[in-house]
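In what follows, a structure is listed as structure tokens, so that the remarks can point back to it.
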Amino acid sequence: MANNIQSIRGMHDILPDSTPLWQHFEKIVRTLLGNYGYNEIRMPLVEQTDLFKRAVGEVTDIVEKEMYILENRKDSEGSEPFSMALRPEGTAGCVRAGIQAGLIFNQQQRLWYAGPMFRAERPQKGRYRQFTQIGVETFGFAGPDIDAELIAISARLWKQLGLRNIHLEINSLGTLEARQAYRQLLVDYFSDQQELLDEDSKRRLHTNPLRILDSKNPAMRELVAAAPNLHEHLDTESAEHFSQLQSLLDGMGIPYRLNPRLVRGLDYYSRTVFEWVTDELGSQGTVCAGGRYDGLVEQLGGRPTPACGFAMGVERLILLLETQNIPTPATAPDLFMIMAGDKAIQAGLGFAEQLRDNLPDLRLVSNCGGGNFKTQMKRADKSGAAFALILGENEIERGEIGLKPLRTKGEQINLPFSSLTAHLSQLLENAKQH
Ligand code: HAM
């Protein structure tokens, strides 16, 4: 017998056991973002590889090592073949789409998107090759008020989900120019101590020295701790922007920790960067991250436009909901309809449709695939339904239907067809109030 084909390492099915939690999560996020005035945008999963090289940066891990590049294709007859990649993140595509559709120039936009991203990383708990992000991007807002709003949205989301123990870290990277000057200071500092650098840092010294500050290698800790501090080299405007952000966060009662070593792994950031981190998920504890990227729109061919956003890792947040045992609201059916005999099936399926017409919120599962009364009762029980509706030939003759509670004590009652809708409507109403 042939071997079963398995899913690709780092790419997972989300099975029916888990989807209620995902749906609960998605519903809360969708409602929250709508309430804050954000509109959904949907971009393709595949873009030109050049988009990510230009936006995320040629010398980032994502572009250097983690992109899934597809076979080169032509766009149309006669066009040159070009390289396409599965998107490793959503910001680049969102900016591309915004410029292309004329949504960004001279406008204020609050946008969000959700969907799979792809990175060829080494899989482990909380780190996958296909993972889901919900991203939020804003365009046309230069002041720190929008940075504060974005952070407030995420803080409110944790609260609405019932999540605890997620901490906010913030930093400012300054303007591009200030960062260039600081970068030179870092190169000078680390070049003087080359022999203490690990291999990764040696490689980054001349390509992306800020990333050395982010090194997780304990042997590098002392060297990094003594490196020039970014905050002391911020340009005046960025320092002012950052201090206003802190005072807005204070005003909203959102606690944070200043982390001058927070540099992020994507090149497009300037000024504010932030991460929400938990210590309950091992080494993959960043559940949400983002910041300002004022230069990116221009870099991708648009007019200069301030921009700020973040993205959360949905798998990590789902893991955290599970770790913290946060219950998912029940999704069991209200009713399971048992139909014994051909006449009952004939009448019952029509009857079920009438009930759905009259009670659009009703969660009703009809027995399909036959089975005697006992088998159907077992299925009703397994479905988690609150009540069984019982229709047999006797009931049909009497013009009645049985209603039996499955989760509470109580006897079956028989209701005339004519009063069933009213009775069920009352039951649903009562259930909602509990
Ligand atoms: P990022 O930090 O690369 O930023 O990813 C954001 C979040 O996606 C991470 O904090 C993490 O929760 C989740 N994530 C990233 N990689 C993986 C993975 N391999 N497996 C599971 N979860 C993962 C960005 O992508 C930026 N586009 C965020 C942004 C939006 N900045 C401004 N706007």
Side-chain angles (χ1 to χ4, degrees), residues 8-12 14 25 29 33 38 41 43 47 51-52 55-57 60-63 65-68 86-98 109-139 141 146-147 149-151 153-154 157-158 163 166-171 173 211 214 262-278 280-297 306-320:
I8 291 168
R9 208 161 91 85
M11 301 194 178
H12 297 284
I14 300 165
F25 179 88
V29 180
L33 289 168
Y38 286 67
I41 178 167
M43 295 89 64
E47 298 272 359
L51 174 69
F52 303 116
V56 176
T60 54
D61 284 352
I62 294 180
V63 168
K65 306 190 265 198
E66 296 171 359
M67 276 206 294
Y68 286 102
L86 292 182
R87 61 182 186 188
E89 59 102 55
T91 308
C94 185
V95 172
R96 196 260 320 128
Q109 287 288 355
R110 290 173 158 97
L111 303 176
W112 69 273
Y113 51 83
M117 307 291 161
F118 303 85
R119 297 184 193 176
E121 299 195 80
R122 196 168 47 78
Q124 62 183 89
K125 180 180 164 199
R127 194 211 263 164
Y128 311 106
R129 291 182 168 170
Q130 175 176 332
F131 59 97
T132 314
Q133 279 188 350
I134 296 184
V136 181
E137 314 289 359
T138 66
F139 300 99
F141 303 91
I146 199 78
D147 310 35
E149 174 174 295
L150 289 166
I151 289 175
I153 291 177
S154 29
L157 179 61
W158 317 148
L163 286 169
I166 307 183
H167 306 286
L168 174 63
E169 304 205 341
I170 59 173
N171 191 18
L173 301 177
R211 292 284 288 160
D214 207 20
L262 182 65
V263 293
R264 310 274 302 121
L266 304 93
D267 277 357
Y268 46 62
Y269 292 108
S270 55
R271 296 199 166 158
T272 312
V273 288
F274 62 92
E275 289 192 354
W276 288 95
V277 186
T278 176
E280 291 185 45
L281 294 179
S283 63
Q284 305 304 311
T286 307
V287 291
C288 174
R292 194 162 263 289
Y293 48 97
D294 291 339
L296 185 60
V297 175
C308 191
F310 68 79
M312 54 192 128
V314 182
E315 283 80 0
R316 292 187 189 176
L317 286 159
I318 297 283
L319 269 176
L320 195 59

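All values below come from the heavy atoms of this structure, side chains included, with hydrogens, waters and symmetry mates left out. Note that the coordinates shown come from a computational prediction; the quantities given were computed from them, not determined experimentally. Indexing begins at 1, ligand by ligand and atom by atom, following the structure's order.
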Measure the spacing between CG of Asn171 and OH of Tyr269 and express it to the nearest 0.5 Å. 12.5 Å
Taking N or O atoms only and a 3.5 Å limit, does Glu137 qualify as a polar contact for ligand 1? yes
min-distance protein heavy atom vs atom 30 (C) of ligand 1 -> Thr91 OG1, 3.0 Å
Is the contact between Glu275 and ligand 1 made by the side chain, the backbone, both, or neither, using heavy atoms and a 4.0 Å cut-off? neither
Identify the closest protein heavy atom to atom 27 (N) of ligand 1: which residue and atom is it, and at what distance? Glu89 OE1, 2.6 Å
Only heavy atoms of Val287, strictly under 4.0 Å: list the atoms of ligand 1 that pass. 12 (O)
If we only count N/O pairs under 3.5 Å, is Tyr293 in contact with ligand 1? no
Ligand 1 versus Leu266, non-hydrogen atoms closer than 4.0 Å: side chain, backbone, both, neither? side chain
What's the spacing between Phe25 CZ and Met312 CE if we round to 0.5 Å? 5.0 Å
Please determine if Arg119 and Glu89 form a salt bridge, counting it only when a charged side-chain N lies under 4.0 Å from a carboxylate O. no
Value for CZ (Arg316) from CG (Leu281), rounded to nearest 0.5 Å, stands at 8.0 Å
Side chains of Ile41 and Glu137: does their closest heavy-atom pair fall under 4.5 Å? no
Just let me know how Gln133 lines up against ligand 1, side chain, backbone, both or neither, with a heavy-atom cut-off below 4.0 Å. side chain
From CD1 (Ile170) to CD (Glu275), nearest 0.5 Å: 12.5 Å
Establish, from distance only, whether the side-chain atoms of Tyr268 and Thr91 form a donor-acceptor pair under 3.5 Å. yes
So for Tyr269 against ligand 1, with non-hydrogen atoms under 4.0 Å, the contacting part is side chain
Which residue holds the protein heavy atom closest to atom 14 (N) of ligand 1, what is that atom called, and what is the gap in Å? Phe131 CE1, 3.5 Å
Just which atoms of ligand 1 are under 4.0 Å from any heavy atom in Gly126? 20 (N), 21 (C), 22 (N)
At under 4.0 Å between heavy atoms, is it the side chain or the backbone of Pro88 that contacts ligand 1, or both, or neither? neither
Close-contact set for ligand 1 against Arg119 heavy atoms, below 4.0 Å: 1 (P), 3 (O), 5 (O), 15 (C), 16 (N), 25 (O)
Pair Tyr38-Glu149, side-chain donor/acceptor within less than 3.5 Å: yes
Distance col, row Arg129:CZ vs His12:NE2, nearest 0.5 angstrom, shows 10.0 Å
Any Met67 side-chain heavy atom under 4.5 Å of Val56 side chain: no
Report the nearest protein non-hydrogen atom to atom 13 (C) of ligand 1: residue, atom name, distance rounded to 0.1 Å. Gly313 CA, 3.6 Å
Quick one: are Ile151 and Phe310 in side-chain contact, heavy atoms under 4.5 Å? no
Atom 20 (N) of ligand 1 [closest protein heavy-atom partner, distance rounded to 0.1 Å]: Tyr128 N, 3.0 Å
For Phe310, counting its heavy atoms only, list the atoms of ligand 1 lying under 4.0 Å from any of them. 29 (C), 30 (C), 32 (C), 33 (N)
Could you check whether any side-chain heavy atom of Gln130 comes within less than 4.5 Å of a side-chain heavy atom of Ile8, counting everything from C-beta outward? no
So is Gly135 close enough to ligand 1, meaning a heavy atom under 4.0 angstrom away? no
Give yes if a backbone or side-chain nitrogen or oxygen of Met312 is under 3.5 Å from a nitrogen or oxygen of ligand 1, and no if not. no
Would you say that Leu317 contacts Ile134 through its side chain, given a criterion of any heavy-atom pair below 4.5 Å between the two side chains? no
Can you pull out the closest protein heavy atom to atom 19 (N) of ligand 1? Residue, atom name and distance to 0.1 Å, please. Glu121 OE2, 2.6 Å
Nearest 0.5 angstrom please: Ile62 CD1 to Arg87 CZ, how far? 13.5 Å
Is the shortest N/O to N/O distance between Arg127 and ligand 1 below 3.5 Å? no
If the cut-off is 4.0 Å to any non-hydrogen atom of Ala311, which atoms of ligand 1 fall inside it? 6 (C), 7 (C), 28 (C), 29 (C), 30 (C)
Protein contact of atom 9 (C) of ligand 1 - nearest heavy atom, named by residue and atom, plus distance: Thr286 O, 4.0 Å
Taking only non-hydrogen atoms of Gly290 and a 4.0 Å limit, the atoms of ligand 1 in range are 31 (N)
Close approach, Cys288 and ligand 1, non-hydrogen under 4.0 angstrom: yes
Has ligand 1 got any nitrogen or oxygen that is less than 3.5 angstrom from a nitrogen or oxygen of Arg264? yes
Would you say the side chain of Lys125 lies within less than 4.5 Å of the side chain of Ser283, judging by non-hydrogen atoms? no
Output the list of atoms in ligand 1 that are nearer than 4.0 Å to some heavy atom of Gly309, sorted by atom number. 30 (C), 31 (N), 32 (C), 33 (N)
Is the shortest side-chain heavy-atom distance between Leu33 and Ile153 below 4.5 Å? yes
For Tyr268, which part has a heavy atom under 4.0 Å from ligand 1: side chain, backbone, both, or neither? side chain
